[in-house]
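Okay, structure first, notes after.
Sequential numbering from 1 along the given sequence is applied to the chain's residues. Everything numeric here is computed off the predicted structure, so don't read it as measured data.
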Amino acid sequence: MTDARSSLAQEIPAPTDEEGYLIDPSDWDDSIAEALARREGIALTELHWRVLHFMRAYLDEHQLIPDARFVIRFLAQDLGAGDAARQRLFELFPYGYVRQACKIAGMRRPRAWSTG
């Protein structure tokens, strides 16, 4: 492991897989989200936190990773993003819902995925 990768691994106080997803989603908390976001080059804003907490609540309630369409609906209806909700999601997580939003929210990497 390279020195840079070692320091990133030490920054995340929970085991991750080779792609950086938490192995156990129950290890997630706000400090882990911050560290995962830093690794992805994202400075978390209030809107990021609202999306991440929505995703975590969905996971807790349904025991499933929320499909991107549910997050888009949350942005559109609950946060007032309307028709721009899909674009807003990808502005928040520019490298994609699975690669960044799911990872920062502490989800395991989905095996197959629809981006909504």
Are any of the side-chain heavy atoms of [X] and [Y] separated by less than 4.5 Å?
| X | Y | answer |
| --- | --- | --- |
| Trp28 | Asp30 | yes |
| Pro25 | Arg108 | yes |
| Leu52 | Phe93 | yes |
| Pro66 | Met55 | yes |
| Tyr21 | Leu36 | no |

- Query: Okay, side chain of Asp67, backbone of Phe70: is any donor-acceptor separation there less than 3.5 Å?
  - Reply: no

- Message: Could you check whether any side-chain N or O of Arg88 sits under 3.5 Å from a backbone N or O of Leu75, counting only pairs where one atom can act as donor and the other as acceptor?
- Response: no

- Task: Please answer: with hydrophobic residues joined when any side-chain heavy atoms are less than 4.5 Å apart, are Leu22 and Trp49 in the same cluster?
- Result: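 Result: yes, single cluster for both.
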
- Message: Do Phe90 and Leu79 sit in one hydrophobic cluster, given that two such residues count as connected whenever their side-chain heavy atoms are within less than 4.5 Å of each other, even indirectly?
- Response: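 Same hydrophobic cluster.
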
- Can you name the nearest heavy-atom pair linking Leu64 to Tyr58, along with the distance?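 Heavy atoms only, the tightest pair is O-CD2, 3.5 Å.
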
Measuring from [X]:[atom1] to [Y]:[atom2], what's the distance to the nearest 0.5 Å?
| X | Y | atom1 | atom2 | result |
| --- | --- | --- | --- | --- |
| Ile32 | Thr16 | CD1 | OG1 | 10.0 Å |
| Ile104 | Met107 | CD1 | CE | 11.5 Å |
| Ile12 | Asp27 | CD1 | CG | 11.5 Å |
| Arg56 | Leu59 | CZ | CG | 5.0 Å |
| Arg73 | Arg86 | CZ | CZ | 13.5 Å |

- Message: Could you tell me if Arg99 sits above the aromatic ring of Tyr95, with its cationic atom closer than 6.0 Å to the ring centre and no more than 45 degrees from the axis?
- Response: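 Yes.
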
When the side chains of residues 40-48 are checked against the rest of the protein, which donor-acceptor pairs come out under 3.5 Å, sequence neighbours left out?
unit_1: Glu40; atom_1: OE1; unit_2: Gln100; atom_2: NE2; d: 3.2
unit_1: Glu40; atom_1: OE2; unit_2: Lys103; atom_2: NZ; d: 3.2
unit_1: Thr45; atom_1: OG1; unit_2: Leu47; atom_2: N; d: 3.4
unit_1: Thr45; atom_1: OG1; unit_2: His48; atom_2: N; d: 3.3
unit_1: Thr45; atom_1: OG1; unit_2: His48; atom_2: ND1; d: 2.8
unit_1: His48; atom_1: ND1; unit_2: Thr45; atom_2: N; d: 3.0
unit_1: His48; atom_1: NE2; unit_2: Leu92; atom_2: O; d: 3.0

- Query: According to the interplanar angle, ranging from 0 to 90°, do the rings of Phe74 and Phe54 count as parallel (below 30°), tilted (30 to 60°) or perpendicular (above 60°)?
  - Reply: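 Parallel, since the angle between the ring planes stays under 30°.
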
- Task: Answer yes or no: are there more than 12 heavy-atom neighbours, outside Asp60 itself, under 6.0 Å from its atom CG?
- Result: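 Yes, because the 6.0 Å sphere around CG of Asp60 holds more than 12 heavy atoms from other groups.
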
